[in-house]
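Shown next, in structure tokens, is the structure this report addresses.
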Amino acid sequence: MERDSKLKTFVENIKFPLLAILLSFLIGALFIIWTGNNPLVAYGALLSGSLGGLDRFGQTLLKTTPLIFTGLAVSFAFRCGLFNIGAEGQYVIGALTTVAAGYIFNSIFGDLPRFIFIPLVMLAGALGGALWAAIAGFLKSKLGVHEVITTIMLNYTSIHVSNFFVRTALNPSTLEGTTQKAYTVLLPESARLTQLKEIIPWFGYSSVHTGIFIAIICAIIAYFILFKTTLGYEIRSVGQNSHAAEYGGISVSKNLVLAMIISGMFAGLAGATQVAGLNYKVDMAPISPGYGFTGIAVALVGKNHPLGVLASALLFGILSNGARRMQIEGIPKEVVGIIQGIIIIFIAGERIIKFVSEIRERRNRKCNVEGVN
Amino acid sequence: MLSIIIAVVASALRLATPLIFASLGGVFSERSGVVNIALEGIMINGAFFSILTTEFTDSPWLGVLVAAIVGILTSLILAFLAVHLKADQVVTGVAINLLSASFTAFLLEIVWHRSGQTDPVENAIRAKPLPLINKIPIIGDLTSQLTPFVYLAILAVIVSYYVLYKTPFGLRVRAVGEHPRAADTVGINVYKIRYICVMISGALAGIAGSALSLGAISLFREGMTAGKGFIALAAMIFGKWHPVGAFLACLFFGFTEAIQIQASTLGLGFIPSEFLQIIPYVATILALAGVVGRAVAPAADGVPYEKGER
Amino acid sequence: MNYVVEMKNITKVFPGVVANDNVNFSVKKGEIHVLLGENGAGKTTLMNILYGLYEPTSGEIYIKGEKVEIKNPNIAIEKGIGMVHQHFMLVEPFTVAENIILGTEPSLYGGLKLDNEKAVEEVNRISNEYGLAVDPNVKIEDISVGMQQRVEILKALYRGADILILDEPTAVLTPQEIEELGVILRNLANQGKSIILITHKLKEVMAMSDRVTVIRRGKIINTLNTKDTSGEELAELMVGRKVNLVVQKEKREAGKSVLEVKDLHALDNRGVPALKGISFEVKAGEIFALAGVDGNGQTELIEVITGLRNAIKGKVLLEGEDITRLKTRKIIEKGVGHIPEDRLKRGLILNHTIAENMILGDHHKEPFSKNGIMNYDIIHEHAKKLIEEFDVRTPSEEVNAKSLSGGNQQKVIIARELNRDPVLLIAAQPTRGLDVGAIEFVHKRLVEQRNRGKAVLLVSLELDEVMALADRIGVIYDGKLVGILSAEEATEKKLGIMMAGGKA
Amino acid sequence: TSKTGKVTIGMITDTGGLGDQSFNDSAWEGLGRAEKELGIERKVLESESADDYLPNLTSFAEEKMDLIIGVGYLFDKSMETASKQFPDQKFAIIDAVVNAPNVASLTFKEEEGSFLVGVIAGLATKTNKIGFIGGMKSPLIQKFEYGFRAGIKAVNPNAEVFVNYADSFEDAAKGKEIALVQHEKGADIIYHAAGGVGVGLIEAAKEKGFWAIGVDKDQSALAPKNVLCSMIKRADNATYYVAKAIKEGKFEGKVYTYGLKEEGVDYSDKAGNLTKELKDAAEKYKKAIIEGKIVVPKTKEEFEKFEAPKL
Ligand SMILES: Nc1ncnc2c1ncn2[C@@H]1O[C@H](COP(=O)(O)OP(=O)(O)OP(=O)(O)O)[C@@H](O)[C@H]1O
Ligand SMILES: Nc1ncnc2c1ncn2[C@@H]1O[C@H](COP(=O)(O)OP(=O)(O)OP(=O)(O)O)[C@@H](O)[C@H]1O
Ligand SMILES: [Mg+2]
Ligand SMILES: [Mg+2]
């Protein structure tokens with residue numbers, strides 16, 4: 001009985017997102033036709049490019065990994081009533097501290113075994129992100145500064161801070177005496193995450209790495225914290241009604257800072273796994289790669305639920321990896337952006353669908369009444 | 001030295017101008033209770049369509065008008081979803097941003113058959129010395145470096161202030177943003193007010209976009225808003241949801257950026273450039289932490305209004 | 001018949017609830033008509049339908065004999081209906097005048113400019129006409145609840161209402177204010193206005209009304225002439241059983257001191273001194289009531305005792321131990337229970353389930369959690385038990401607190417706080433908005449608590465309640481204690497004088 | 001080789017993407033020429049972020065392209081990884097050196113081209129004040145800066161040079177602000193090596209009527225009356241030649257350096273704004289560089305030591 005109703009609510013919950021995705025693809029098809037392409041070919045490319053074979057699926061998971069982290073970051077803060085636009089900046093700082101830790105530990109301890117070194121650099125990335133987020137959390141809780149502004153400002157700040165270190169202290173020219181480079185020293189081999197293809201050869205050429213497992217574990221941890229622990233209870237209480245939380249002996253300021261720190265850890269881990277799994281370095285960059293912003297969308301489509309975030313990150317991963325193949329087929333990559341936007345609109349406005357069915361119902365009812373009269 | 005100071009002031013005003021329009025847009029929307037994260041996306045649409053119009057009609061002011069209209073149309077998506085269907089306002093805003101960035105890039109492909117950027121339009125809205133005034137020493141020098149958008153922005157601030165604080169409409173807007181149910185019970189149509197405000201917001205953000213394209217670089221580039229919509233949002237919060245406050249906050253951003261560009265001229269060249277870059281952002285945070293303090297949003301900001309809910 | 005309002009066969013269905021079930025309700029011109037019913041009976045819903053806030057599922061409405069469809073408040077206002085809501089509909093940062101004129105603003109230049117002078121003039125005019133003095137230029141957030149209510153009534157009158165609905169208007173008023181309201185309403189009725197009054201307070205029904213309609217679980221039970229009925233009869237009709245209106249309480253010797261407040265000073269939210277050196281004690285096995293007009297420092301006092309606000313001077317002792325600087329959590333752990341005056345703001349997290357609300361404050365302790373992990377099975381069992389025990393009307397413990405009626409929300413809080421078995425229970429307006437059945441229940445619980453040797457600090461604006469329950473009564477005025485009376489020496493008159501700052 | 005049996009070349013842009021009016025576009029044009037003249041087929045992937053470089057490389061490798069070109073120095077590490085992962089796949093990288101047998105590294109001597117436009121600016125200035133706007137401070141962009149300054153120093157050692165970095169390759173509005181202020185301070189010629197930021201410079205030049213010097217491609221089309229000349233970097237030639245090598249089976253995984261001598265960089269004046277004297281001077285220095293009489297500095301240190309020989 002109970003199981004039955006759970007299944008029902010589950011179906012209820014995913015019915016609208018699925019419909020939304022379907023509708024978005026239909027509208028996207030119009031745009032594809034507009035460019036003079038065949039939508040079937042385009043969507044075929046999208047699907048085969050992201051799901052056609054384990055290696056392509058591996059590339060999709062590669063795209064998905066950072067999105068899970070930033071999606072978690074945004075949704076976790078949301079649960080405490082905080083709008084963390086700053087996952088972007090926390091990502092950047094997390095990546096930077098990962099590289100820095102890799103260099104520092106390596107030069108102090110020499111070659112560390114992987115099972116020690118990898119957790120160490122992950123921790124460094126998480127701490128970097130946490131620290132960066134804590135600034136916003138602290139300012140919010142102690143001085144009442146709106147976190148939206150601080151996180152926006154910290155995003156821009158993070159890029160310049162990162163560039164400064166890339167150009168100076170972490171540059172190979174400083175540390176290894178080479179010529180000036182536009183990126184940092186490389187992360188030592190033993191601090192790098194294992195590529196899945198090394199464990200499972202079917203992943204072929206894809207660069208997906210064990211960061212995806214860390215991401216999934218983090219989603220489960222986030223779920224557990226939010227819904228099974230007192231910390232989660234307190235964070236959700238503060239998010240829903242800080243006055244009542246305070247009345248219940250919950251420290252609003254402590255939880256605001258804590259939620260922001262945990263959120264920042266997730267975002268920092270996005271940077272850490274991206275560095276340790278894919279890039280092995282941090283580039284000098286004028287802008288950040290945008291995972292923080294996509295993370296907002298991921299969180300919202302996933303209804304700010306850690307497990308929903310897993311699903312929605314995968315959806316975004318599929319779309320953006322599939323876009324590669326669409327591009328190769330000569331279809332403008334903007335179409336994918338348009339589809340993504342429309343999906344979010346439909347999911348946000350899941351009531352659009354309800355609205356339409358309501359109108360229909362009302363019309364039917366009117367007809368009936370008129371019929372009776 | 002004087003000419004440098006004038007140059008910095010002019011630069012600050014020019015840099016602040018698109019922000020002013022957009023953050024006024026934010027003020028209208030949020031005063032009525034609708035969070036408008038979509039400013040960024042509306043701006044990019046405004047930037048694109050103002051150039052498109054000018055390209056084909058050779059009339060930049062028509063371009064500004066079209067930018068405003070396109071801004072309104074874009075904002076109607078937000079209004080329909082967030083006001084009408086009570087969808088999450090932030091989600092909708094994020095979606096509009098994503099959609100607008102891709103949509104303009106897509107149209108660029110369709111219209112100009114290329115990606116990246118358009119050609120510059122011949123007839124943009126550029127700085128012109130004002131007759132008579134340009135004879136006055138300092139003021140003449142300054143005004144000759146300002147585009148008409150700058151004056152328009154200042155006018156928009158005054159009008160916005162007047163509308164929000166001196167008219168019956170403004171009173172209703174603020175009531176709807178603070179306590180929509182109270183407004184509803186005295187017969188104010190909460191949805192209508194929110195629709196109107198979101199549309200005003202769209203028009204202003206659209207004009208902000210045209211100020212970025214027609215008023216500065218006279219062409220459209222993908223990603224040219226580069227987060228300015230978010231900065232405008234920050235300015236709005238910084239300015240405590242008040243038109244004049246938002247205006248001052250935008251000026252502050254404009255000045256910090258102008259000073260950072262001028263750092264070497266002002267004898268600050270020894271500081272690593274990255275540190276100079278972060279001045280506007282860090283200054284904003286410090287200002288909020290120290291001077292301005294807690295900003296209180298309109299009480300119903302971001303909360304969809306349900307008629308029949310307790 | 002000369003009916004101004006006729007509601008015929010009104011049914012209103014909310015998902016899962018039939019709030020109004022085939023209701024027939026009519027009001028005569030110039031009468032004061034009370035709508036009486038327990039919590040969740042459907043009173044507010046019925047009036048919201050009349051005012052155009054809800055659409056009825058079925059049924060018809062006639063105003064002054066004319067069939068109308070009231071789709072929105074605009075139509076209601078046009079038809080001469082005004083409503084003062086249970087939760088005030090005032091924009092806090094606006095001035096009194098702005099609130100009153102909102103929606104029908106006087107303006108210049110064809111609506112291009114707000115005419116502030118005219119607004120103030122108009123407000124002064126109607127306020128004189130009906131004898132409801134207000135200062136048009138102060139902000140709502142700076143005036144007392146009683147004053148806010150006047151603003152609400154003026155709002156309706158300003159719009160030319162001749163049918164005035166007041167939803168539980170006396171719940172937040174002092175005795176004097178209630179009396180004044182009675183006079184005001186009678187004056188209005190004499191001027192030909194028809195008044196619909198929602199209340200649970202039988203004393204007021206008897207004193208103020210011409211006719212009474214009793215509603216129970218969405219159905220109309222009966223409509224009676226006030227002079228033909230009695231409080232007891234109404235109580236019985238309302239809850240469907242006999243109710244004991246008198247609190248049973250035997251005399252008892254108070255024990256040692258549990259709470260001691262010594263020369264306490266504190267500021268309010270605006271930084272103005274709200275407590276100016278207040279001292280008293282509450283002993284084990286007694287109910288100490290703090291009477292006073294709202295806004296004299298009660299809120300701040302409770303907040304300081306419970307750790308929600310910092311004292312600037314003075315001490316709070318609990319069983320001899322200094323708790324002045326302790327955090328709220330520690331204070332809860334030391335055995336202080338607290339029924340807050342504002343349940344929506346403080347007492348409940350509306351979007352949490354009832355089960356989660358039932359453990360707020362105890363969530364970090366066993367058995368609800370252990371080593372930081374929550375045990376939801378136990379939490380749900382716990383909630384089910386309390387729902388049963390405290391008769392909370394809800395489909396299950398898994399619904400959000402938001403969906404409960406005001407009275408049932410209060411029951412959730414009381415259940416939670418009493419269940420903790422505190423050595424000191426602070427009860428602030430514990431029966432505000434409750435029906436007689438629920439009030440009887442709460443009063444019984446408070447007395448029970450006292451009889452078990454616990455200390456109870458009751459803060460109430462209701463003199464009846466104070467006199468019925470308290471062993472000793474302190475009267476607070478302007479942040480200071482005017483005096484303390486024993487239950488025997490207290491009379492309504494004496495207390496009334498002290499509440500106005502006079503010495504008894 | 002594609003389904004059509006044609007030689008297929010895949011190009012991957014850096015984050016600037018197509019339409020940058022700069023070297024991504026230029027590299028793409030080179031392949032366009034190869035498409036027309038050599039009958040190859042070209043495909044492109046635009047990178048949204050640096051994290052796309054490796055996946056884009058591997059996606060093309062999976063397609064078994066005959067050649068994969070990565071445009072931009074930021075590709076170097078990903079190219080290294082991909083070249084190891086696909087030892088049979090041929091790659092080329094622009095602006096960086098990757099030491100692998102299957103990678104051709106196509107690099108340019110930007111400092112030499114910049115030197116020539118520096119000479120032109122140094123001679124053409126009336127105010128004796130010249131501006132330079134860089135994108136992000138990186139070794140690559142500094143080659144432009146110091147080459148340019150060396151050119152000025154060679155002909156007009158007293159000229160004052162204003163240098164600003166925009167810390168962006170995108171923010172055109174900022175480019176305009178920098179340019180306007182440099183102009184306000186007296187600069188009448190401003191050169192840029194800042195991608196999209198330079199668009200703002202050219203707009204400012206148009207508005208205020210001073211000279212801008214374009215970069216990477218001939219940018220005079222943006223403002224024929226205000227672009228004095230452009231320093232061109234023939235990424236198009238580089239991609240064309242490497243495409244040709246593939247087609248002819250002569251591909252070699254080595255480092256190609258394109259300087260003035262190799263016609264990899266040059267100055268260009270499609271709008272015809274250069275006077276004869278200016279052209280003559282530029283030609284004179286061009287010859288000297290080609291002959292090795294002048295070694296153009298590419299870093300701060302080299303620039304400080306640099307002494308222009310009198311010609
Ligand atoms: N409703 C709210 N929304 C957002 N932030 C809030 C809210 N309530 C409180 N805060 C933040 O929390 C901060 C601290 O609140 P509070 O007074 O509960 O803690 P505190 O007692 O000062 O903390 P501590 O006891 O740890 O020193 C406030 O300054 C404010 O920034
Ligand atoms: N918007 C709503 N959505 C769902 N249920 C509602 C809504 N409003 C009221 N109800 C339900 O309808 C019933 C009647 O509620 P109503 O507020 O009319 O009671 P009431 O008589 O005014 O009670 P009280 O004395 O506690 O104010 C309750 O069961 C309540 O939970
Ligand atoms: Mg009610
Ligand atoms: Mg405290």
Side-chain angles (χ1 to χ4, degrees), chain B residues 3-8 10-12 14-15 17-18 47 105 108-109 112-122 124-128 141 144-145 147 211-213 215-228 254 257-258 260-265 269 272-274 276-278, chain D residues 13 15-22 24-25 28 44 46 48 131 133-134 136-137 161-187 195-209 219 221-227:
Chain B
S3 81
I4 291 173
I5 292 171
I6 292 172
V8 171
S11 179
R14 285 188 305 256
L15 289 164
T17 296
L108 178 64
E109 218 29 266
W112 275 272
H113 301 291
R114 68 157 88 139
S115 66
Q117 65 182 37
T118 67
D119 291 327
V121 293
E122 251 339 288
I125 296 174
R126 300 198 168 92
K128 249 188 254 130
D141 287 344
S144 70
Q145 298 181 41
T147 66
L212 269 183
S213 58
I217 56 171
S218 55
L219 51 72
F220 171 81
R221 285 173 59 78
E222 277 178 40
M224 68 185 292
T225 46
K228 292 206 166 51
E257 202 178 339
Q260 170 249 311
I261 292 173
Q262 287 320 302
S264 55
T265 320
S273 76
E274 290 89 352
L276 296 170
Q277 300 278 340
I278 64 175
Chain D
T13 73
T15 49
L18 287 186
D20 67 347
Q21 305 282 313
S22 180
N24 282 307
D25 275 355
W28 188 234
V44 66
E46 294 183 68
E48 299 271 326
I133 302 173
M136 308 226 3
K137 227 177 207 156
V161 183
F162 307 127
V163 174
N164 284 91
Y165 278 81
D167 282 284
S168 162
F169 286 109
E170 296 288 328
D171 195 345
K174 195 164 174 186
K176 182 174 178 185
E177 288 304 325
I178 295 175
L180 283 176
V181 174
Q182 287 189 347
H183 173 65
E184 203 60 34
K185 277 157 60 186
V197 172
V199 170
L201 157 66
I202 293 170
E203 171 62 20
K206 194 152 64 175
E207 185 172 312
K208 290 286 167 186
Q219 293 190 306
L222 290 173
K225 294 200 190 90
N226 297 93
V227 174

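Sequence lines set the chain letters: A, B, ... in the order given, protein chains first and strands last, and positions in each chain run from 1. Quick note: numbers below take in every heavy atom, side chains included, and nothing from hydrogens, waters or symmetry partners.
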What residue in P120(B), G116(B), A7(B), A216(B) has the most heavy-atom pairs under 4.5 Å with chain D?
-> A216(B)

For the residue pair M136(D) and Y165(D), establish whether any side-chain heavy-atom pair is separated by less than 4.5 Å.
-> no

Taken in chain and number order and not counting sequence neighbours, the residues that satisfy side chain to side chain donor-acceptor pair (under 3.5 Å) with Q117(B) are R221(B)

Chain B heavy atoms under 4.5 Å from E46(D): which part of the residue, side chain, backbone, both or neither?
-> side chain

Pick from R114(B), R126(B), M224(B): which one has the most heavy-atom pairs with chain D under 4.5 Å?
-> R126(B)

Just wondering, do E222(B) and L108(B) contact through their side chains at under 4.5 Å, heavy atoms?
-> yes

Please examine the side chains of K228(B) and L212(B), heavy atoms only from C-beta on, and report whether any two atoms are closer than 4.5 Å.
-> yes

By a 4.5 Å heavy-atom criterion (distance strictly below it), what part of L219(B) contacts chain D: side chain, backbone, both, or neither?
-> side chain

Is any side-chain heavy atom of D25(D) less than 4.5 Å from a side-chain heavy atom of L18(D)?
-> yes

Could you tell me whether the side chain of K137(D) reaches within less than 4.5 Å of the side chain of E274(B), counting heavy atoms only?
-> no

What residue, out of A10(B), S115(B), S218(B), has the most heavy-atom pairs lying under 4.5 Å from chain D?
-> S115(B)

So what's closer than 4.5 Å to chain B heavy atoms on A221(D): side chain, backbone, both or neither?
-> neither

Could you have a look at G196(D), G17(D), G16(D) and say which one has the most heavy-atom pairs with chain B under 4.5 angstrom?
-> G196(D)

Would you please name every residue forming a side-chain contact (heavy atoms from CB on, under 4.5 Å) with Q260(B), sequence neighbours left out?
-> E257(B), L276(B), Q277(B), K174(D)

Could you look at I178(D) and say if it's the side chain, the backbone, both or neither that has a heavy atom under 4.5 Å from chain B?
-> both

Under 4.5 Å heavy-atom distance to chain D, tell me which part of S144(B) shows up: side chain, backbone, both or neither.
-> backbone

